[in-house]
Structure formats: structure tokens, C-alpha cells
Amino acid sequence: MKLLSRKATCNSHGQDSSYFLGWQEYEKNPYHDVRNPKGIIQMGLAENQLSFDLLEWWLANNPDAAGFRRDGQSIFRELALFQDYHGLPAFKKAMVEFMSEIRGNKVSFDPAKLVLTAGATSANETLMFCLAEPGEAFLLPTPYYPGFDRDLKWRTGVEIVPIHCTSANSFRITESALNEANESALKRNLRVKGVLVTNPSNPLGTTLTWDELNLLVSFITTKNIHLISDEIYSGTVFSSPGFVSLMEVLKEKKYANNTEVWNRVHIVYSLSKDLGLPGFRVGAIYSNDEVVVSAATKMSSFGLVSSQTQYLLSAMLSDKKFTKNYISENQKRLKRRQEMLVSGLQTAGIECLKSNAGLFCWVDMRNLLRSETFDAEIELWKKIVYEVGLNISPGSSCHCSDPGWFRVCFANMSEETLNLAIQRLRNFVESCNPKNDHKSLKSSRRRSLTKWVFRLSFDGREPDER
């Protein structure tokens, strides 16, 4: 008789992904400017550490909130006692107002339709439990966040079917790609229950266009399925085009009075990226479906946000002067840091996908591959981790359709550390190309792209149809 469950002994968590393996190597040999200057620099962690000083300033100037006091009187005992899973009303109100502010107050949110969760991981998994049975499927555009293989599948039994997007059109979602993914699921005898997108995209660092959002809503309307928009990076949009929330699309005339469509669209949000507080574990589900809200609220008892956290953040988010300044300044800092990475990589002959959001760049290293294969990508990744001393995430861990792309984070370190990382990568490229001829690198990339497009023409498909 087995003493442990299948869940405890199964291998479906995704921990063997190169995404997580890179973290493990970093933890064995972490970089420190004094104690371990030759260690591995962590560029696989999408954390926003650029605006901690703004948060610390607010805490220093609001001692009552930080000290769990109200009007100078301690409320420690009140916060220490059990709170029900609906959350503190003051915090939910502050949260939805902050969500609206991030979106330029073009849309509003009802606190009664908000469910608090212990981070976006919990929010996404809870939605899977609410919307799908084990063995049913959700469609996700590639490349996607590697953690989804764990968050969406591991405990729920839900399957992920990729919507294959490629570099041919900068990884944009197309109607043909949606239909091909749906057909693929049907061939596998999987019932498709919905589509999940990240907007802005993790790992691309791009926002979805109006055309893509309308395409998605039209698709789920026709198929009578759900649409989840994970918008945890919505406040990181630092340049045009601006962020368009799925909620804005629903306000258009053709959907405004369509209750069925509204009930099948769900938003995931968190304070981990926009406010840089992943350790506080604050996430949320927003849904117009009363049954989903009710069920998700009950499930949230397995991962509540502490009363102390809610009290502190309700005070912070209710300070509109602070939030306005924070959003603006944080976006400026992200823009400067992104430009620093992009320009630094360009000096090494490496280009990035044009991006306008996020805490990372989607970096094109196809010119460094020995062959156009995922085996060659992993070979290059291992060299960068072990020889160069940088933990970056290979595109294959994000289920990218094209080998040679990598996610590289830039907001979880100092400028000095980022400069060192860029210099290490520049030295590596030079060692691969002793003549240091960046023109030849770019020429090589153009030749490689020409051959790739030539092959596509024989494949009988136009690039924008994939």
C-alpha cells in the first residue's frame, strides 16, 4: 500500500523546467559585489526594486499605519483577531480605486466583485478551479510565463494548449493561431473552457492591441467560453502605446449590454509588480459572475491576505497624492532602466523585441546559436549561466515557438550590477566572435532570418498566419 498520494509523488509541478533550474544554480552561487563578485547575477526574477525608497518614505511619514494605530490608538488586538475571508472593506475599496487609477480611470471596479487572494498565483489557480474540470483545457498564447505550468495545471488537473505566436509578427495573437489552438485541443479530445492572456505580456513586455483584445472577446463569444486577463503588470507600462484593459473593450457598444460575455470575462491583479511587494502576497480576482465571486471567496480561505497587510496597504493606497506620484515616478524609472539594458545589449550586437512594459526584455540571441534548434538554445543558456554568470530564462521554458529568445530581467538589481551583467555578456559575445565585428553579427542575423523566411514560404503559410 502506498503511503503517499499521487499528487505528492507526481512529477507535474514543473520544478524541472530550466526556468526553475536557473534559480537553483543562482542560489548555489549568488552574486554579491563584495562577498562573491564572480557569482551568478539573478536576471531571471521579475521583481520591481526600483521604487522602494518611495514606499519607505511613505512608511516613515505615516507611522500610525506602519505601527497598526488609528488616530494614535493601537489597533493591534483588533487586527490580531480572526477576520472573515471577505477582506477588510476599506482595503477592497482602496484596491479597486488603485486599479482604476492604474488604468487612467477609464474603467471602474465594484469592491463587491473583488476576491482577495494570496498573490496572483493563488488567483489564477482559484479561477481554474472555478471555471474548469480536471482534463479540460485553457488556451494560452506563447511565449507564456513558465510558472503557469505549475499555477494552472498542477493541483487543478487542467490542461494548457498553446496558441503558437511567432517572431514573424512580433508574437502577436492572430485569428488563425487561435483557431489552430482550438483545433489542436479538439484533436486531443480536450474540451476548451477558456483563453488566458497576460496583458502586459510576461515574458514579452508588450501590451495587447485593441485589435487583439477585440479578437479575443469575439473568439470567446463565438465559442461560448471564458477569458481571463492577467493584468498584474498594468502599472508598469512606461511608453506608448498605453495600456488597454480588457474592461475597456467590454464597455464598447457591441458588448455593453451583453451580460453573458461580461460574466465570462475575469481579471487577475496583484500588487507584486506594480507596487513591488511580492512578499506581501496580495492578489485579486475581479469577476462579474456572482457564482464565480462566491465560490472564489470561499476558496480564498486557503490563502488569505493578513489583516495587518490589508490595514497597512489600505492606508497607503488611499493616499491619492502618494499613489499618483508613485505610479508616475515608477514608470519613469522602469523606462530608464529598460533603455539602459536595450542600449547596452545593442553594443554587444544583441537586439530586443520592442517593448513598452514589464520588468524584463525579450532578448534575441538567435545569432549566438550554433544551430536553429532548442538543443542549441539550452546549450547557449548553460554557457550563460555557468560561464558568464547570468541567470536568464530561455525561451523554451516559456514554450516559445522559435529557439534563441531569452527573458532578461532588469528591475531587481542596482544600476552597477546591471552594468556588470551587460559587460559580462559583451565579453562573452566577443569571445564567441574574436574579431568583435558586430556588423558581421547583424549581417549573420539578417542571413539567418532570410533563410528562415525562405523556409516559411515553402511551408505554404504567410508569417502572419502562424
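All residue numbers in this chain count up from 1 along the given sequence. All of these numbers come straight from a predicted model, not from anything done at the bench.
Considering CG of Leu380 and CZ of Phe428, their distance stands at 5.5 Å, rounded to 0.5 Å. Between the CG atom in Leu341 and the OG atom in Ser355 there is a gap of 9.0 Å [rounded to 0.5 Å]. Distance check: His266 NE2 to Ser287 OG gives 4.5 Å after rounding to the nearest 0.5 Å.
Under the 4.0 Å criterion applied to side-chain N and carboxylate O atoms, Arg370 and Asp375 are not assigned as salt-bridge partners. In this structure, Glu339 pairs ionically with Lys335, as a charged nitrogen and a carboxylate oxygen lie closer than 4.0 Å. A salt bridge between Glu183 and Lys187 is absent, with no side-chain N of the basic residue lying under 4.0 Å from a carboxylate O of the acidic one.
When each of Val197, Val249, Leu250 is tested with Leu213 by the rule side-chain contact (heavy atoms from CB on, under 4.5 Å), just one qualifies, namely Val249.
Listed by chain and number, the residues in a side chain to side chain contact (heavy atoms under 4.5 Å, CB included) with Ala296 are Val115, Thr126, Cys130, Ile285 (sequence neighbours excluded). For the side chain to side chain contact (heavy atoms under 4.5 Å, CB included) test, residues two or more places apart in sequence or in another chain that qualify with Thr309 are Phe280, Val282, Val305, Ser306, Leu313. Checked against salt bridge (charged side-chain N to carboxylate O under 4.0 Å, His left out), Glu125 has the following partners two or more places apart in sequence or in another chain: Arg155. Qualifying side chain to side chain contact (heavy atoms under 4.5 Å, CB included) partners for Glu25, counting only residues two or more places apart in sequence or in other chains: Lys28, Ile40, Val385, Tyr386. With sequence neighbours left out, Tyr144 forms a ring pair (Phe, Tyr, Trp, His ring centres under 6.0 Å) with His399. The salt bridge (charged side-chain N to carboxylate O under 4.0 Å, His left out) test applied to Lys382 returns no partner, not counting sequence neighbours. Among residues two or more places apart in sequence or in another chain, the side chain to side chain contact (heavy atoms under 4.5 Å, CB included) test is passed with Pro146 by Tyr19, Ser397, Cys398. With sequence neighbours excluded, the residues forming a ring pair (Phe, Tyr, Trp, His ring centres under 6.0 Å) with Phe148 are Tyr145, listed by chain and number. Partners of Phe109 according to the ring pair (Phe, Tyr, Trp, His ring centres under 6.0 Å) rule, which considers only residues two or more places apart in sequence or in another chain, are Tyr286.
Seen from the ring of Phe410, Arg337 does not count as a face-on cation partner, given the 6.0 Å and 45° thresholds.
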Listed pairs under 3.5 Å, donor-acceptor, residues 236-243 side chains, sequence neighbours left out:
residue, atom, partner, partner atom, Å
Thr236, OG1, Tyr233, O, 2.7
Thr236, OG1, Gly358, N, 2.8

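Shown here is Gln24, whose CD atom has more than 12 heavy atoms of other residues, nucleotides or ligands within 6.0 Å.
Within the structure, the salt bridge (charged side-chain N to carboxylate O under 4.0 Å, His left out) test picks out the following pairs touching residues 210-233 (sequence neighbours left out): Arg103-Glu231, Arg172-Glu212. Evaluation of the salt bridge (charged side-chain N to carboxylate O under 4.0 Å, His left out) test over residues 272-287, restricted to residues two or more places apart or in two chains, returns none.
For the residue pair Thr417 / Ser414, a side-chain donor-acceptor distance below 3.5 Å is found, with atom types taken as modelled. A donor-acceptor contact closer than 3.5 angstrom links the side chains of Asn356 and Thr207. Neither side chain, Asn48 nor Asn412, offers a donor N or O lying under 3.5 Å from an acceptor on the other.
For Phe406 and Trp362, the gap between ring centers reaches or exceeds 6.0 Å.
Remark: side-chain polar atoms of Asn36 are not paired, donor with acceptor, to backbone N or O of His32 under 3.5 angstrom. Formation of a donor-acceptor pair under 3.5 Å by the Asn214 side chain with backbone atoms of Trp210 is found in this model.
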